[in-house]
Number of protein chains: 2
Amino acid sequence: MAERRRPLSRERVVAEAVALADADGLDAVSMRALATRLDVVPMALYKHVADKEDLLDAMVEAVVASYADPPEGADWRASLRARVLAARDELGSHPWLRRAIETRARRTEAVLAHMDAAAGDLVAGGFTIDQVHHLMHVLGHRLWGFSPEAFAGEPTAIAPGADLEAVLAAAEQRFPHVVAITRDAMARRPGGSCDEGAELELALDLFLDGAARLRDTGWASG
Amino acid sequence: MAERRRPLSRERVVAEAVALADADGLDAVSMRALATRLDVVPMALYKHVADKEDLLDAMVEAVVASYADPPEGADWRASLRARVLAARDELGSHPWLRRAIETRARRTEAVLAHMDAAAGDLVAGGFTIDQVHHLMHVLGHRLWGFSPEAFAGEPTAIAPGADLEAVLAAAEQRFPHVVAITRDAMARRPGGSCDEGAELELALDLFLDGAARLRDTGWASG
DNA sequence: ATCCTAGGTGTACGGTGTACGCCAGTCAAC
DNA sequence: GTTGACTGGCGTACACCGTACACCTAGGAT
């Protein structure tokens, strides 16, 4: 039992942080909780990680580095599409990644590599560097496999156990279109939940189509 | 001096919080700091605000409620465009709004109204409810006037005062496209900074074009 | 045998949100 | 009037956070 404690290392710290986030969410990743899991005192972590920002950067880096490569020889569209969907697949096992990516500012190695690869797809597609630049902005967060949306919570402050239909009816004349959308979605899908995968693919395809048209019309910035 | 203190009210609390965020950023809005500004003890705020989430919700609500209406009689494209740009304009005086919106989950009155109005523009444009629904997802955060982008910080861990060109040269073979984009941007614009306004408008126009094409081809979900 | 150093420890500080109890004023009902 | 409830501000206290700083200890190089 004396030797039960493997020595800490940056890899071990980051891996444990990822595991902790996977299990209990990003908010559960505090330096203290992480240290406890590693059977170590909180300050010990600071020998392997500069501060919490650095830890989160490293967590994102670790997952992004594991993104699957697109199939060799795919054309630019298929390649970029595959890259985005590979990123999305990782979100399944790491739900925290979404919020973590949204709050990161530093571009670490794997992050830059992912961005560079996506830009490379566009370059391969015959876009000008200027176009590539702006299209990367348009692509935005979806490069990381998700469509960021604010206010994705409940339709409104829906009382727990309240009659949804009553709520809808009450809101109908104030927010007719929102209610119509909700009703339509409920008719198409149990509970009216949205298929995030389908949303992403639609957005992605609209993006790819728009990009191609931009290129074909010779668009340039300024 | 006895009567100098107007009584607190939810409006006054929220307005002061907005002013504080405008001045010192969102992180400066702590219950304690806000209470100090209002010359009151922290716990007094809780008589007017359920908790901090509620305060942030109310701050967002206050600003969103002030969005300018699009010109009467504009067609769906112009109307939706104007709505998004009105939202963007508010970001100028409230830089914190971006991050605040990103982290909100509750759809308050003004928030729902803005979403409903945008959906209404699309309905007016002859889209099916199904299309409107999906297009709202595609529009995503841009409905609020900004294109969310992760990793918007420094190109890489750029040493303060380091020679940028040296950094670029070093990164060139690892991230050729990213470097090419940076070089191109620097040639076009001092410092290589990006014109966020132009980015948003490009994304918006690509969206509007894509939407129209979706409609004209009779796209439906599922 | 000695020094250096990497890595884990312990304590402490200043910050956060907020639960809980108290208390002074206001105002309605008797 | 007096009373009693209600509203809104106060004070204290708690649990948690990130992390600065000083210390100690084991291992390896000299």
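Reminder, nothing fancy here: chain letters follow the sequence lines and each chain counts from 1.
- The distance between atom CG of B/Leu45 and atom P of D/dG11, rounded to the nearest whole Å, is 14 Å.
- For the pair B/Met43 CE and C/dC23 P, the interatomic distance rounds to 17 Å; values are reported in whole Å.
- Straight-line distance from the CZ atom of A/Arg10 to the P atom of C/dG7: 13 Å, rounded to whole Å.
- A salt bridge between A/Glu61 and A/Arg106 is absent, with no side-chain N of the basic residue lying under 4.0 Å from a carboxylate O of the acidic one.
- Of the options A/Arg81, A/Arg142, A/Glu199, A/Arg88, a side-chain contact (heavy atoms from CB on, under 4.5 Å) to A/Leu204 is made by A/Arg81 and by none of the others.
- A straight line from CG of A/Asp39 to C1' of C/dT9 spans 13 Å, rounded to a whole angstrom.
- For A/Asp51 and D/dA20, the CG to C1' distance is 13 Å, given to the nearest whole Å.
- Electrostatic pairing of A/Lys52 and A/Asp57 does not count as a salt bridge here, judged by no charged N lying under 4.0 Å from a carboxylate O.
- Salt bridge status for B/Arg10 with B/Asp54: present, with a side-chain N to carboxylate O gap under 4.0 Å.
- OP1 or OP2 of D/dG9 has at least one side-chain nitrogen or oxygen of B/His48 nearer than 4.0 Å.
- Not a single donor-acceptor pair, N or O on each side, falls under 3.5 Å between the base of C/dG17 and the side chain of B/Lys52.
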Derivation of the salt bridge (Lys or Arg N to Asp or Glu O under 4.0 Å) call for B/Arg99 and B/Asp27: CA-CA 10 Å; B/Arg99 223 179 79 209; B/Asp27 289 334; 2.7 Å; yes
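- In this structure, B/Lys47 places its NZ atom 8 Å from P of D/dG8, rounding to the nearest Å.
- A ring-ring contact (aromatic ring centres under 6.0 Å, His included) check over residues 98-119 of chain A, counting only residues at least two apart or in different chains, returns the pairs A/Tyr67-A/His114, A/His114-A/Trp144.
- What separates CG of B/Leu38 from P of D/dG9 is a distance of 10 Å, to the nearest Å.
- Taking the charged nitrogens against the carboxylate oxygens, A/Asp116 and A/Arg107 have no contact shorter than 4.0 Å, which rules out a salt bridge.
- Remark: A/Arg32 in residues 16-34 of chain A come within less than 4.0 Å of DNA chain C through at least one heavy atom.
- Between D/dT19, C/dG17, C/dT9, one nucleotide has an atom nearer to the side chain of A/Ala44 than all others, and that is C/dT9.
- If you take OH of A/Tyr46 and C1' of D/dA22, they are 17 Å apart, rounded to a whole angstrom.
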